[in-house]
Amino acid sequence: MQDQLNKIWWLWIPLLIAAVQMLLEFFLPAGALANLHSENGPHELIEFFIVSSAFIFVLATIMTMDRRANKWLTGWLALAAISCFYVAGEEISWGQHFLNWSTPEYWAHLNDQSETNLHNTSSWLDQKPRLILLLGVVVGGLVIPALKRFKPALVPARFEIVYPPAILGVISALVIGMHLIDKATEAFIDVPLLHRGSEVEELYLFYFVLLYLIILRRRIMQQ
């Protein structure tokens, strides 16, 4: 089946990430955690690698599929490609994190972290797209598989090819868990359980996208 991935990818790797993260949060001092989650830290680089891989997969799919026969599907993949390209570029401030160029003064005033990216200039380019992705992962990974199992008539069969498989529900559940931990500790606990829970959440969001696009490519190639 084209929807099947080895459990290593959709179960054990996500659980391992969570376990390692919790160990790091418990044993590392605050300064080391800050470096871990810094703009040039491992988390940011891993996220860049994941999203860049997703972009390569979706671009390869668009280039090899029958685009004339699948116009709406091509549009869906094009949206995914543009989104992945944007996120990958933003994660490294379009190369600034690697080449260390200085941010122009006029742009530094617009950017709340003085970087050459867009997402730190407005919530509409940061929090709003992130919220859309979060909702998409929750709906796609948990709600749609549940509806397909218990209320299949509510799920339009026309779009069956783009629905995420149920196996990605594990990652969706971890996203929700990390999100709730982050928000709960912000509201009720002076010392958070996660140093930067939003970064850990992002890692899972991007990993969901990567596995989804790999599975979607398999489906399209086997049509």
Sequence neighbours excluded, which residues qualify as ring pair (Phe, Tyr, Trp, His ring centres under 6.0 Å) partners of F98? F48
Using the test ring pair (Phe, Tyr, Trp, His ring centres under 6.0 Å), find all partners of W72 that sit at least two apart in sequence or belong to another chain. F159
Among all residues two or more places apart in sequence or in another chain, which pass the side chain to side chain donor-acceptor pair (under 3.5 Å) test with T74? none
The side chain to side chain donor-acceptor pair (under 3.5 Å) partners of K128 (sequence neighbours excluded) come to S123
Linking directly or through intermediates, with side-chain heavy atoms under 4.5 Å: list the remaining ILVMFWY members grouped with F150, chain and number order. none
Can you name the salt bridge (Lys or Arg N to Asp or Glu O under 4.0 Å) partners of R130, sequence neighbours left out? E201, E202
Applying ring pair (Phe, Tyr, Trp, His ring centres under 6.0 Å), can you list everything that pairs with F55, at least two apart in sequence or on another chain? F85
With sequence neighbours left out, what residues match H179 under ring pair (Phe, Tyr, Trp, His ring centres under 6.0 Å)? none
Output the distance between atom NE2 (H43) and atom CD (E47), rounded to the nearest 0.5 Å. 7.0 Å
In a table with atom names and distances, give each donor-acceptor pair under 3.5 Å that connects a side chain of residues 161-177 to protein atoms at least two apart or in another chain.
from: Y163; atom 1: OH; to: P156; atom 2: O; distance (Å): 2.7
from: S172; atom 1: OG; to: V137; atom 2: O; distance (Å): 2.9
from: S172; atom 1: OG; to: L168; atom 2: O; distance (Å): 3.4

Out of curiosity, does F208 fall in the hydrophobic cluster containing L15 (side-chain heavy atoms, cut-off under 4.5 Å, transitive links)? yes
How does the hydrophobic cluster around F26 look, that is, which other residues are in it when side-chain heavy atoms under 4.5 Å mark a link? L23, F27
Side chain to side chain donor-acceptor pair (under 3.5 Å) with Y212: which residues, sequence neighbours excluded? W76
For I8, look at atom CD1 and say whether over 12 heavy atoms of other residues, nucleotides or ligands are found less than 6.0 Å away. no
Contacts of type salt bridge (Lys or Arg N to Asp or Glu O under 4.0 Å), residue K148, not counting sequence neighbours: E160
